[in-house]
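All ligand and atom numbering here is 1-based and tracks the order in the structure. Note that these values count all heavy atoms, side chains included, but never hydrogens, waters or copies made by symmetry. No experiment lies behind these values; they were computed from the predicted model shown.
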Amino acid sequence: MAKYGGWAGKVLHVDLSTGRTWTDDTVEKYKEYLGGTGIGYKVIWDEVPAGTKPYDPVNRIIFAVGPLAGTGAPCNGRTAITTLWPTCWPQPLVATGHMGGQFAAKLKYAGYDAVVIEGRADRPVWLSIVDQQVEIQDARRLWGQGIRRTTEAIAQIMGTDGVVAAIGQAGENLVPMSVVMNSVSHSAGGIGSVMGSKNLKAIGVRGTGSVRIAGNKDEWEKLIKYHLSLLGANNQHVVPSSPQPWAEFYEPRSRWVGSKGRTWGAALRPIETGTCEPHNLNRIAYRTNNAAFFNGDIAWQYTVRGNGCTSCPIRCHTMIKVPSVSAKYGIPEVGQNTCAGLNFGRACLGPGSQNRANLAIGRAIRLILMNIGGAYAGIADMDTIGAAHKISMVVAENEQESPWSPYHVDKGFKREESTVTVLSVVGQTEIADLASNTPEGFLYTITHTITGIGNGSGMFYSPYDLNLTPTEYGHEPVLLLPPSAAQTFGKKGWTKDTIREYLYQHARVPKGVWAGHSWFKNHPNMLAPKWREAPSDTGIPIVFHPKAFQVIVVGGPANKMSYCAPGGRNAAVTRSADKWR
Ligand code: SF4
């Protein structure tokens with residue numbers, strides 16, 4: 001072993017069925033299989049019999065890292081996690097997920113190149129690795145807890161030098177796409193349920209060793225500096241997002257948003273990121289600010305600093321400090337993350353990298369609809385043309401810029417609660433009004449856009465004939481207002497209720513126009529009774545009661561609004577998500 005650098009030297013094996021732990025020599029067994037993925041595949045090949053299913057105890061989960069992890073070499077902070085993958089169909093396949101963070105380096109410093117987990121514990125457990133001391137700990141009190149709470153509890157034991165990778169309720173309940181996540185922030189998908197099947201809630205690692213470098217130290221450092229000088233601040237385009245004096249090109253979609261005049265406003269002493277020349281290694285961490293990249297310029301004032309995984313110069317995490325949130329919601333005032341967070345601002349309904357969380361959640365819902373509900377075209381989905389929003393339509397409310405109370409507060413939840421609302425819509429109609437600057441001006445445009453008789457807004461069915469109250473009936477259209485339009489309403493004293501009442505009174509279609517629609521010609525009794533005998537010029541509202549209009553503030557600058565006609569008889573359903581944290 002002594003002649004090899006990089007490797008920690010040992011692979012740790014843990015059999016959860018028997019509680020036995022042992023090690024074998026990395027170089028002896030795995031030196032031909034360079035990197036964490038190579039070790040993982042070799043273990044599966046050697047130890048998992050053909051025909052094994054992902055949740056069988058004999059399946060292995062291998063957390064493995066490569067020889068460069070923990071050496072300071074740039075971009076080598078990832079942990080490869082290999083197993084028989086639960087989402088592969090019809091046959092399980094071997095696959096690898098990756099997570100960043102500090103886990104890889106800590107594992108090496110504890111003396112291991114990989115941890116191979118087999119078997120199934122007879123009760124929930126977590127694995128504690130502190131250098132050579134490896135213990136299987138009881139996790140019964142953690143079972144049922146989310147990743148954040150689990151991590152907090154184990155971090156108390158591991159100390160600040162430790163790192164914790166945990167699963168949440170999805171993994172425990174064998175949701176195939178569930179994740180394992182370390183430091184509450186770096187995840188690898190598809191592994192969570194395999195850990196759950198083994199009753200393994202988490203792994204905590206703390207290491208006090210180091211990694212031996214075989215070559216000359218000075219040459220090594222020179223190489224690292226050279227490598228760093230070549231790397232950009234983002235993994236999309238190695239160019240800044242705004243014009244810089246030294247740069248021929250710039251690319252607005254780049255995460256390299258640091259530039260002159262942009263300051264980490266919440267740092268102990270506000271720090272201007274400056275122009276960040278590519279070869280200036282001392283300023284390399286000033287380049288990326290994912291909070292500003294995803295949420296716009298407002299994020300700069302809350303930025304404490306950039307952050308990221310071990311040895312990664314991209315630093316795609318942003319640490320932000322928002323004291324008002326802490327005061328209001330009773331959560332820590334400083335937090336950090338990378339791409340997480342739902343987009344509530346510019347282009348929040350898509351498309352693009354800024355919508356990663358929105359699209360990922362929407363896609364997950366779509367998979368559930370297909371795999372559980374059978375929503376395949378021509379099977380349970382008999383749509384004619386279909387719609388892009390069926391693939392993903394997820395948005396967060398722009399609470400910060402709304403003049404009103406948040407949507408979930410209107411629904412009776414506490415302000416500090418996190419909630420999810422599900423509602424059914426048939427489409428999205430853009431309402432562009434770039435000229436109005438009064439509530440009445442916006443409402444004129446809105447009412448004349450939403451009163452088309454073919455857009456799904458109309459009362460095709462009478463709730464009374466179905467023995468339902470209007471509230472039970474649902475049929476709730478959604479009006480998405482951008483912050484600037486909402487603020488125009490707010491400044492003039494308009495509330496969501498007065499907007500709803502206005503729309504109820506003015507977004508009406510003459511009965512004679514409805515009567516010309518073939519549906520009502522063929523089914524005149526489907527019109528609500530109170531309108532059946534009305535003269536033909538009577539305006540009939542497009543909803544049964546003003547509260548049916550769901551008014552939500554989303555989006556970025558400019559006054560492009562959006563109207564989503566109701567997707568049938570479904571009322572919006574809002575639930576608290578707090579217990580899943
Ligand atoms: S800091 Fe960001 S880019 Fe770098 S390894 Fe971590 S997640 Fe990836």
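At least one N/O/S atom of C316, from backbone or side chain, sits under 2.8 Å from atom 2 (Fe) of ligand 1. For C309, the nearest N, O or S atom to atom 6 (Fe) of ligand 1 falls under 2.8 Å.
Every atom of ligand 1 is numbered from 1 in the order shown, and the set under 4.0 Å from a heavy atom of I314 is 3 (S). Under a 4.0 Å criterion applied to the non-hydrogen atoms of G308, ligand 1 contributes the atoms 1 (S).
Residue C312 places a heavy atom less than 4.0 Å from ligand 1.
In this structure, Y250 places its OH atom where only 12 or fewer heavy-atom neighbours from other residues, nucleotides or ligands lie under 6.0 Å away.
Seen from the ring of W256, R287 counts as a face-on cation partner, given the 6.0 Å and 45° thresholds.
For T96 and T82, the side-chain atoms include at least one donor-acceptor pair closer than 3.5 Å.
With a 4.0 Å heavy-atom cut-off, ligand 1 is reached by the side chain of R78 but not by its N, CA, C or O.
Each of I154, L107, V163, I129 was checked for a side-chain contact (heavy atoms from CB on, under 4.5 Å) with I203, and the lone residue meeting it is I129.
Closest of all the heavy-atom pairs between W126 and L200 is CA-CD1, 4.1 Å.
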